[in-house]
Protein chains: 2
Amino acid sequence: MGEYRTLPLDRLFVAVADPTRRAILARLSSSDARVTDLAADFPISLNSTSKHIKMLERAGLVRREVIGRDHVLSLNAAPLAEAAAWINHYKSFWDDRLAALEILVTKKRGIPKGRKKK
Amino acid sequence: MGEYRTLPLDRLFVAVADPTRRAILARLSSSDARVTDLAADFPISLNSTSKHIKMLERAGLVRREVIGRDHVLSLNAAPLAEAAAWINHYKSFWDDRLAALEILVTKKRGIPKGRKKK
DNA sequence: TCTATATTCACCCATACGGGTGAAGATATG
DNA sequence: CATATCTTCACCCGTATGGGTGAATATAGA
């Protein structure tokens, strides 16, 4: 059962999990663009481009401003801060210096490394 | 067509895009656990748990050590470093100080924010 | 060897993506 | 007003996910 409701972090990670969408973000980081402009830059149709943009908007990573018949898209990287915060929570587990510190602490307790007898 | 092949970053972001899998990572960050242990902690079946673990392994975030009939899982946060690096690439777009600087610049031009004439 | 437990495998089903095509709505332009 | 351009909407298809159940495999323990 889908017990969990869709969280902002879900939509964010799902959005950036696609290489095309990451490329779109990279493209928008240099300048704003219309849907047509993005479709021209990537080997996908206009419709597919529109769908990708919708997912990026759903994650809050892209903003849209309708000017006449043009939909001008701009990057909004702010939601990435939450993702960075989540990842940062695990930084001590891969950072060399902090990992060494962790080993020191766990060794003090006589526990090999997070291993825990059931 | 699936022009792009699946990149490591794809598998990583897909893996962490699910709240159950993030919860599993959080659980493993405190101590190692077996598949059964994880299944007991979350309201999903053993089989579903096994599948989630497979996706986490595919992303390199979880390591498995078979001890007898037990499969002991441990966290490997190292792949998150690549995700952090990718996100860090966009940090200047949401950082407060740099954002304030951007507002100054755009206000000087009399443009609300990120508006850019084609 | 026999039995209980742990894990995976092979399916099933519903939903969501990613891609496409074609038609319908807006909007600019002659 | 008529036409061309831009964008979205409504479908279609193939694949992948997330959940389940039941059977098969592997190991521990009596």
Side-chain angles (χ1 to χ4, degrees), chain A residues 1-7 9-25 28 32-59 61-74 116-118, chain B residues 1-25 28 32-59 61-74 117-118:
Chain A
M1 300 87 163
E3 306 264 4
Y4 299 96
R5 75 176 191 288
T6 305
L7 304 169
L9 214 49
D10 292 28
R11 290 191 287 269
L12 190 86
F13 280 131
V14 165
V16 301
D18 184 273
T20 298
R21 288 194 285 269
R22 288 200 303 275
I24 288 176
L25 292 179
L28 290 179
D32 295 356
R34 298 170 304 162
V35 179
T36 306
D37 298 331
L38 296 176
D41 289 351
F42 305 101
I44 56 175
S45 71
L46 210 52
N47 309 51
S48 186
T49 307
S50 180
K51 287 183 188 177
H52 281 304
I53 291 169
K54 272 198 180 58
M55 297 196 70
L56 290 170
E57 282 186 295
R58 196 181 63 167
L61 290 169
V62 162
R63 282 179 180 159
R64 178 191 308 250
E65 188 183 4
V66 180
I67 304 178
R69 63 183 174 184
D70 294 345
H71 290 214
V72 178
L73 309 166
S74 60
K116 184 190 267 179
K117 240 344 181 345
K118 205 285 181 70
Chain B
M1 301 85 163
E3 306 264 4
Y4 299 96
R5 76 179 191 288
T6 305
L7 304 169
L9 213 50
D10 292 28
R11 291 191 286 271
L12 189 87
F13 280 131
V14 165
V16 301
D18 185 273
T20 298
R21 287 195 285 270
R22 289 200 302 276
I24 289 176
L25 291 179
L28 291 178
D32 295 355
R34 297 170 304 160
V35 180
T36 306
D37 298 330
L38 296 177
D41 289 350
F42 305 102
I44 56 177
S45 71
L46 209 53
N47 309 49
S48 186
T49 306
S50 180
K51 288 182 186 177
H52 280 304
I53 290 168
K54 271 198 180 61
M55 297 196 71
L56 290 169
E57 281 185 296
R58 196 180 65 166
L61 290 169
V62 161
R63 281 178 181 158
R64 179 192 307 251
E65 187 185 4
V66 180
I67 303 176
R69 64 183 174 182
D70 293 345
H71 290 215
V72 178
L73 308 166
S74 60
K117 231 11 178 321
K118 204 286 182 68

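The sequence lines fix the lettering, A, B, ..., with proteins before strands; numbering per chain opens at 1.
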Between [atom2] of [N] and [atom1] of [X], the distance in whole Å:
X: Asp18(A); N: dA16(D); atom1: CG; atom2: P; result: 14 Å
X: Leu56(B); N: dG18(D); atom1: CG; atom2: P; result: 10 Å
X: Asp37(A); N: dC6(D); atom1: CG; atom2: C1'; result: 11 Å
X: His71(A); N: dT27(C); atom1: NE2; atom2: P; result: 8 Å
X: Lys51(A); N: dT21(C); atom1: NZ; atom2: C1'; result: 10 Å
X: Leu73(A); N: dC6(D); atom1: CG; atom2: P; result: 14 Å
X: Leu38(B); N: dA6(C); atom1: CG; atom2: P; result: 13 Å
X: Glu65(B); N: dA6(C); atom1: CD; atom2: P; result: 18 Å

Those residues at least two apart in sequence (or on a different chain) that pass side chain to side chain contact (heavy atoms under 4.5 Å, CB included) with Arg63(B) are Ser74(B), Asn76(B)
**OP:** Walk me through it: do Phe42(A) and Ile24(A) pass the test side chain to side chain contact (heavy atoms under 4.5 Å, CB included)?
**Re:** CA-CA 9 Å; Phe42(A) 305 101; Ile24(A) 288 176; 3.8 Å; yes
Inter-residue atom distance [X].[atom1] - [Y].[atom2], 0.5 Å rounding:
X: Ile53(A); Y: Leu61(A); atom1: CD1; atom2: CG; value: 12.5 Å
X: Arg21(A); Y: Lys51(A); atom1: CZ; atom2: NZ; value: 11.5 Å
X: Leu25(B); Y: His52(B); atom1: CG; atom2: NE2; value: 11.5 Å

Are OP1 or OP2 of [N] and a side-chain N or O of [X] less than 4.0 angstrom apart?
X: Arg11(A); N: dA16(C); result: no
X: Ser45(A); N: dG20(C); result: yes
X: Lys54(A); N: dC9(D); result: yes
X: Arg21(B); N: dG18(D); result: yes

Closest to the 5' end of DNA chain C, once Leu46(B) and His52(A) are matched to their nearest nucleotides, is Leu46(B)
Check: Going by heavy atoms in the side chains, are Met55(B) and Asp18(B) under 4.5 Å from each other?
Finding: no
Regarding the side chain of Met55(A), the nearest nucleotide among dG18(C), dA6(C), dG19(C) is dG18(C)
- Item | Step-by-step side chain to side chain contact (heavy atoms under 4.5 Å, CB included) determination, Leu56(B) to Leu73(B) | CA-CA 10 Å; Leu56(B) 290 169; Leu73(B) 308 166; over 6 Å; no
Per-nucleotide protein contact along nucleotides 22-28 of chain D, 5' to 3', at a 4.0 Å heavy-atom cut-off (B base, S sugar-phosphate only, - neither), is B----BS
